[in-house]
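Inspection log for the structure reproduced underneath, given as structure tokens.
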Amino acid sequence: MKYTISNLAASAAIVGSALAASGDFNVLTMNVAGLPEILQGNDVPGDKTVNSNTMGSKFSEYNYDMIHVQEDFNYHAAIYETDSHPYRTATSGGVPFGSGLNSLSTKYFFNYNRVKWNVCSNASGNDCLTPKGFTFRQRLTNFLLPVRVKVDEGIYVDFYNLHADAGTEPDDLTARAANLKQVADYIDVHSVGNAVLVFGDTNSRYSRTADAIRVFRTQNGLTDTWVELIRGGVEPTAESLCDNPSTTNYCETVDKILYRSGATVDLQATYWNYESSKFLQPDGNILTDHNPITANFTYNPGTTLRHDVPALAALSKPKAAALTVRGANRLDGVSVQLADGTTFAHGGTGGTAATLSLAADEFWTEAVLCQGQKDGHTRNFYLKATTSTGRTAEAGTSTSDCLTSTAPAGWQIVGFMGQDGDEVDQLAFVYAPQ
Ligand SMILES: *[C@@H]1O[C@H](CO)[C@@H](O)[C@H](O)[C@H]1NC(C)=O
Ligand SMILES: *[C@@H]1O[C@H](CO)[C@@H](O)[C@H](O)[C@H]1NC(C)=O
């Protein structure tokens, strides 16, 4: 199943197809300097456990919708102890086992996956993981961590956290360029058509021309929020290092927040800021050697398709010409054939098929989906499709737990999102204009 915003990991079989909502959210990225004190003090005064406790309580106090942390190693528990975000990734371990990357969110997210860098460099210390022993430089074992966030009803965004290779020796630059290219390639494969946010520690600067940070713009169509909102859309070529805490947003840090809209969601960055002054110890000292950065975004449903799938996004005016539902005790399969011949078929071939051929001016406008329990799991049991002229096709066994999805006026069902196997495990409907 490749076609979707898919792999909905929700436990229920029914995924509503309510119209997508509008609103705003904000994000923070912060390198929390969580290497063991004995290896790396990060030139931060105070006790790391105490400082990590403080960071966690600031995360809660300011309640950012999504926080990406890097170097979250040996003081991870102290951050989570005082933070109260409801959705958080589990630590992958301290030094030298973990990636140091975690996500803390007010929004439900799923599908997260840690991916290791293919290339690392030992040029500036040991950025590569060694099987035995470690030096403090091994903090940069360097993974990226994409998650799919349900920002709101019908609004999904792919979030990528990363920590790229450090240093400025030629081998470091080569490794870092390979890291960023690896993320860009991953986005090309896994986030086709989707809205994307990449935020984390890139260890890159636009002002270092050998740094490959521009790959996100050139390959993925991402916009850097700092370049857009603070630098008037112009990538700097002259170096402008920051103090910590930074007193100006104008200077450039290696931590970045980049984004793009998707077929189903429009994103617009509205605010960018160094949050350093919000993350200080009681005595005014810094908590970490990086300036944390934040950005705000507004989101709106995409203008072309609702609950789109990339295959549909490539078509100019999709319309269902025929649909088939299959079922017996439960729902076995669904398929729709578009007027141009494109077919989306999901589930298995069991059960009895009911088929409808639609007239040129007839659209699939409504679906009733019923779920029930099978072997302790929630499954789809029944689907009834209704067209704009009131004709129906149904399959499976109706239950008392049903949801009706009706395309908004002037819209029609042209495809699906969900998860399938021999049966249709999860299902939602994709709408396009008639
Ligand atoms: C940024 O977004 C957060 C969360 O939606 C909101 O509370 C805050 O007021 C926003 N800040 C600005 C400057 O827009
Ligand atoms: C980095 O150094 C370690 C320890 O000496 C070594 O095992 C590893 O192969 C090196 N990696 C690279 C890419 O040079």
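Everything quoted here is computed from the prediction, not taken from an experiment. Each residue takes its place number in the sequence, starting with 1. Order of appearance sets the numbers: ligands from 1, and atoms from 1 within every ligand.
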#### Entry: Exercise: do Asn102 and Gln70 side chains pair donor with acceptor under 3.5 Å
no
### Query
OG1/Thr223 to CZ/Arg260 distance, rounded to the nearest 0.5 angstrom?
10.5 Å
### Query
Quick one: does Asn296 get an N or O within less than 3.5 Å of an N or O on ligand 1?
yes
#### Entry: Test item: Ser57 side-chain N/O and Thr82 main-chain N/O as donor-acceptor pair under 3.5 Å
no
### Task
If you have a sec, work out which protein heavy atom is nearest atom 5 (O) of ligand 1 and how many Å separate them, to one decimal?
Asp24 OD1, 2.8 Å
### Query
Looking at His68, Lys256, His163, which hits side-chain hydrogen bond (donor to acceptor under 3.5 Å, both in side chains) with Asp201?
His163
### Task
Assess Thr270 for proximity to ligand 1: is some non-hydrogen atom of it under 4.0 Å away?
no
### Message
Which of the numbered atoms in ligand 1 are under 4.0 angstrom from any heavy atom belonging to Tyr271?
### Response
13 (C)
### Task
Using protein heavy atoms only, decide if any is under 4.0 Å from atom 11 (N) of ligand 1.
yes
#### Entry: Neighbour count above 12 (heavy atom, 6.0 Å) for Lys58 NZ
yes
